[in-house]
Amino acid sequence: MALSPGWRAFALLPGTHCGVFRKAPRSSCLSSFPWGHCPWRGTGSSLDPEMKAFLEENTEVTSSGSLTPEIRLRLLTPRCKFWWERADLWPHSDPYWAIYWPGGQALSRYLLDNPDVVRGKSVLDLGSGCGATAIAAKMSRACRILANDIDPIAGVAITLNCELNQLNPFPILTKNVLDLEQDKWDLIVLGDMFYDEDLADSLHRWLKGCFWTHRTQVLIGDPGRPQFRGHSIQHQLHKVVEYSLPEATRQENNGLTTSTVWEFQP
Ligand SMILES: C[S@@+](CC[C@H](N)C(=O)[O-])C[C@H]1O[C@@H](n2cnc3c(N)ncnc32)[C@H](O)[C@@H]1O
């Protein structure tokens, strides 16, 4: 199925056209470190009712077409009004949280199939988007989870997606952790975060700090985006597993056919 011209810009070309990403607000902070004091923590009752209603009206609950049919998510699908509308009619920042990206799908599949990787561990999902990988970590019994995304609306989406999967919401942080000193995590997961060269450079620097300071394990999910394949981080990766993408994800991602989980080993 073809995407509408408006959504094609962000759904098919993440990072290829940096402007699409840069126009979104990037610094709003709904909570502060340490993550234990996050206002999103708890039942989700603190959600802005208007934003919650907007998301419920303009997304569809789905569990099909991804690598993890056991996770239900509110996503933008062809049955949603804004799938077909001009992108400039969307009243908020670009809704990356409304897509379940191939990199995140691979990571989530891996965590669900290999619960030992997260069981009893503290996990940071950096660039959480819809929150699926953090949800997979929770389902596989991670003991502490922080979902981090600089888009505050992602925080609302993640909370709704936790509820959909009958999970107590975990803390969500919308501050840019790349501006902060590295905290101690057992595992950091990043799904489809290497879509922009500058962001990739910042992530690489920051992740090296996590590894050398705390020996944090770092797993990256990526479907082979040029900004990732061409980055110097390639020399410090170990391939963990590669998945063949479902047809629906292939169609939405312009010919990408696989998605791989890499371990960062500087
Ligand atoms: C392509 S989406 C991937 C979302 C999710 N990980 C997945 O795989 O479905 C990238 C996400 O990273 C977020 N993001 C971009 N820069 C960030 C940063 N410095 N810190 C945290 N999140 C960031 C965006 O808001 C967006 O939700």
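In each ligand, atom 1 is the first atom listed, and ligand 1 is the first ligand listed. Only this structure's heavy atoms are used, side chains among them; waters, hydrogens and symmetry mates stay out. What you are looking at is a predicted structure, and each value in this text was computed from that prediction instead of being measured.
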| note | Honestly, for I150 the part within reach of ligand 1 (heavy atoms, under 4.0 Å) is both
| query | Going by distance only, is there an N or O of L199 that falls short of 3.5 Å from an N or O of ligand 1? | reply | no
| message | Under a 3.5 Å threshold, yes or no: a donor from one side chain and an acceptor from the other, between R250 and T258? | response | no
| message | Around atom CD of E50, are there more than 12 heavy atoms from other residues, nucleotides or ligands closer than 6.0 Å? | response | no
| Contact check: G191 vs ligand 1, nitrogen or oxygen atoms, below 3.5 angstrom | yes
| message | Under 4.0 Å, counting heavy atoms only: does T133 come that close to any atom of ligand 1? | response | no
| task | Please confirm whether Q105 comes within less than 3.5 Å of ligand 1 when only nitrogen or oxygen atoms on both sides are compared. | result | no
| request: Report the C-alpha separation of K52 and E57 in whole Å, then their side-chain angles, then the decisive distance to 0.1 Å, and conclude whether the salt bridge (charged side-chain N to carboxylate O under 4.0 Å, His left out) test is met. | output: CA-CA 9 Å; K52 181 174 186 275; E57 191 184 331; over 6 Å; no
| Looking only at distance, does D192 have an N or O less than 3.5 Å from an N or O of ligand 1? | no
| message | I need the contact type for S128 against ligand 1. Using non-hydrogen atoms and a strict under-4.0 Å cut-off, is it side chain, backbone, both or neither? | response | backbone
| field | Interfacing atoms of ligand 1 (cut-off 4.0 Å, heavy-atom, L178) | value | 19 (N)
| message | Show me which atoms of ligand 1 lie under 4.0 Å from any heavy atom of N148. | response | 20 (N), 21 (C)
| message | Suppose I only count heavy atoms of Y96 and a 4.0 Å limit; which atoms of ligand 1 are within that range? | response | 26 (C), 27 (O)
| query | Which option out of G127, G131, A147 puts a heavy atom nearest to atom 4 (C) of ligand 1? | reply | G127
| message | If we only consider heavy atoms of A132, is any one of them less than 4.0 Å away from an atom in ligand 1? | response | no
| Partner residues of F264 under the ring pair (Phe, Tyr, Trp, His ring centres under 6.0 Å) criterion, sequence neighbours left out | H204
| query | Any idea which part of M193 is under 4.0 Å from ligand 1, heavy-atom wise: side chain, backbone, both or neither? | reply | side chain
| task | Decide whether Y100 and S108 meet the rule of one side-chain donor and one side-chain acceptor closer than 3.5 Å. | result | yes
| Any chain of hydrophobic side-chain contacts (each under 4.5 Å) joining L199 to W206? | yes
| request: Could you tell me whether R229 and D222 have a side-chain N and a carboxylate O separated by less than 4.0 Å? | output: no
| message | For D149, which part has a heavy atom under 4.0 Å from ligand 1: side chain, backbone, both, or neither? | response | both
| query | Is there a side-chain contact between Y110 and Y243 (heavy atoms, below 4.5 Å)? | reply | yes
| task | Under the side-chain contact (heavy atoms from CB on, under 4.5 Å) rule, collect the residues that match up with D186, sequence neighbours excluded. | result | K121, S122
